[in-house]
Amino acid sequence: GWMQCDFLGWLDRVEVRNTLHSSVAGLVTLHPIVNYLDSLPVKMFEYMAAGLPVIASDFPLWKKIIEGNNCGLCVDPYNPKAIAEAIDYLVSHPEEAKKMGRNGRKSIDREFNWDVEEYKLMSLYNSLQMGVVHGKSN
């Protein structure tokens, strides 16, 4: 299989952008080990931000994100045929792939970004601070 791969080496930001722009999809097909099952891989969100449909492992958390936002396909990471079929589907259905890519980009703008996370974090800090100020220690 490696004869079908092109190793690009280290890429600068412009080269990364160009590579993503010319790609059909982004793959995040990690195996279900404990460190990955509840992780939020940066690469998955980078693909979404780039407007690429994502082919991801079918972990429950990832399925919720990918299928919940209709921004890609989830597959069994141990099944190379399923991964190949997902790639073939996106290649064969370019309009659907573009729609998934747009959906991923919209979900980044709407939900998966620092402004949203900052608000959650500051709300948590404020609630903790209010508990300390009022003598509560939950």
Side-chain angles (χ1 to χ4, degrees):
W2 288 109
M3 293 183 69
Q4 301 300 319
C5 296
D6 292 326
F7 177 68
L8 302 178
W10 293 100
L11 304 177
D12 65 26
R13 290 175 189 234
V14 172
E15 293 168 318
V16 169
R17 185 192 68 224
N18 292 341
T19 300
L20 291 173
H21 182 71
S22 65
S23 297
V24 173
L27 271 68
V28 188
T29 51
L30 302 174
H31 288 176
I33 64 172
V34 71
N35 289 359
Y36 298 145
L37 291 173
D38 291 320
S39 69
L40 296 171
V42 171
K43 192 61 58 190
M44 181 168 68
F45 295 104
E46 289 175 339
Y47 294 145
M48 292 165 63
L52 284 174
V54 179
I55 299 171
S57 300
D58 58 356
F59 306 159
L61 177 60
W62 296 10
K63 283 181 76 162
K64 182 179 175 184
I65 294 168
I66 300 300
E67 293 178 357
N69 289 289
N70 190 29
C71 63
L73 304 168
C74 292
V75 297
D76 176 352
Y78 287 126
N79 186 340
K81 183 178 179 191
I83 297 168
E85 288 172 352
I87 295 168
D88 286 342
Y89 179 84
L90 295 174
V91 169
S92 301
H93 299 85
E95 290 306 313
E96 180 67 16
K98 287 178 186 172
K99 180 180 175 185
M100 288 178 179
R102 285 191 304 270
N103 289 342
R105 178 66 218 173
K106 287 178 190 173
S107 68
I108 293 291
D109 291 340
R110 181 183 64 246
E111 181 178 0
F112 302 109
N113 62 69
W114 174 242
D115 289 337
V116 171
E117 295 305 312
E118 176 187 29
Y119 177 78
K120 291 179 195 175
L121 185 61
M122 295 308 293
S123 295
L124 173 65
Y125 287 161
N126 288 334
S127 70
L128 293 172
Q129 183 180 23
M130 292 306 292
V132 171
V133 168
H134 292 106
K136 299 177 185 174
S137 58
N138 294 342

What residues, two or more places apart in sequence or in another chain, satisfy salt bridge (Lys or Arg N to Asp or Glu O under 4.0 Å) together with Lys63?
none
Minimum heavy-atom distance Ser23-Thr19, with the two atoms named:
OG-O, 2.6 Å
Same cluster or not: are Tyr119 and Leu124 linked, directly or through other Ile, Leu, Val, Met, Phe, Trp or Tyr residues, by side-chain heavy atoms under 4.5 angstrom apart?
no
Heavy-atom count around Tyr36 OH within 6.0 Å, excluding the residue itself: above 12?
no
For Pro77 and Thr29, the nearest pair of non-hydrogen atoms, with its separation, is CB-O, 3.8 Å
Cluster question for you: counting only ILVMFWY and a side-chain heavy-atom cut-off of under 4.5 Å, with indirect links fine, are Met100 and Val24 together?
yes
The side chain to side chain contact (heavy atoms under 4.5 Å, CB included) partners of Tyr78 (sequence neighbours excluded) come to His31, Pro32, Asp76
Which heavy-atom pair separates Ser39 from Leu61 by the least distance, and what is that distance?
O-CD2, 3.8 Å
Please report the interatomic distance CD1(Ile83) to OG(Ser57), rounded to the nearest 0.5 Å.
7.0 Å
Reference residue Met44; test side chain to side chain contact (heavy atoms under 4.5 Å, CB included); the match among Ile55, Leu27, Val54
Val54
Test of understanding: clusters of I, L, V, M, F, W, Y form through side-chain heavy atoms closer than 4.5 Å, transitively. Do Leu37 and Val75 belong to the same one?
no
How would you list, by chain and number, every residue that makes a salt bridge (Lys or Arg N to Asp or Glu O under 4.0 Å) with Glu85, sequence neighbours excluded?
Lys81
What residues form a salt bridge (Lys or Arg N to Asp or Glu O under 4.0 Å) with Glu95, not counting sequence neighbours?
Lys98
Whether His93 side chain and Tyr89 backbone form a donor-acceptor pair below 3.5 Å
yes
Grab the two heavy atoms, one from Ile66 and one from Ala56, that are nearest each other, plus how far apart they are.
CG1-CB, 4.1 Å
Can you get from Leu8 to Val14 by hopping between Ile, Leu, Val, Met, Phe, Trp and Tyr side chains that sit under 4.5 Å apart?
no
May I ask you to test the Met48-Ile65 pair for a side-chain heavy-atom distance under 4.5 Å?
yes
Do the non-hydrogen side-chain atoms of Pro41 and Trp62 ever get within less than 4.5 Å of each other?
yes
With sequence neighbours left out, which residue pairs that include part of residues 102-114 fulfil the side chain to side chain donor-acceptor pair (under 3.5 Å) condition?
Asn69-Arg110, Arg105-Asp109
State yes or no: do Leu52 and Leu73 share one hydrophobic cluster built from I, L, V, M, F, W and Y residues joined by side-chain heavy-atom distances below 4.5 Å, directly or via other members?
no
Sorted by chain and residue number, the side chain to side chain contact (heavy atoms under 4.5 Å, CB included) partners of Tyr125 (sequence neighbours excluded) come out as Leu121, Met122
Taking the side chain as every heavy atom from C-beta outward, state whether Glu46 and Leu20 have any pair of such atoms under 4.5 Å apart.
no
For atom CG of Asp38, decide whether the heavy atoms of other residues, nucleotides or ligands shown that lie under 6.0 angstrom number more than 12.
no
Within the 4.5 Å heavy-atom criterion, are Leu30 and Asn35 side-chain neighbours or not?
no
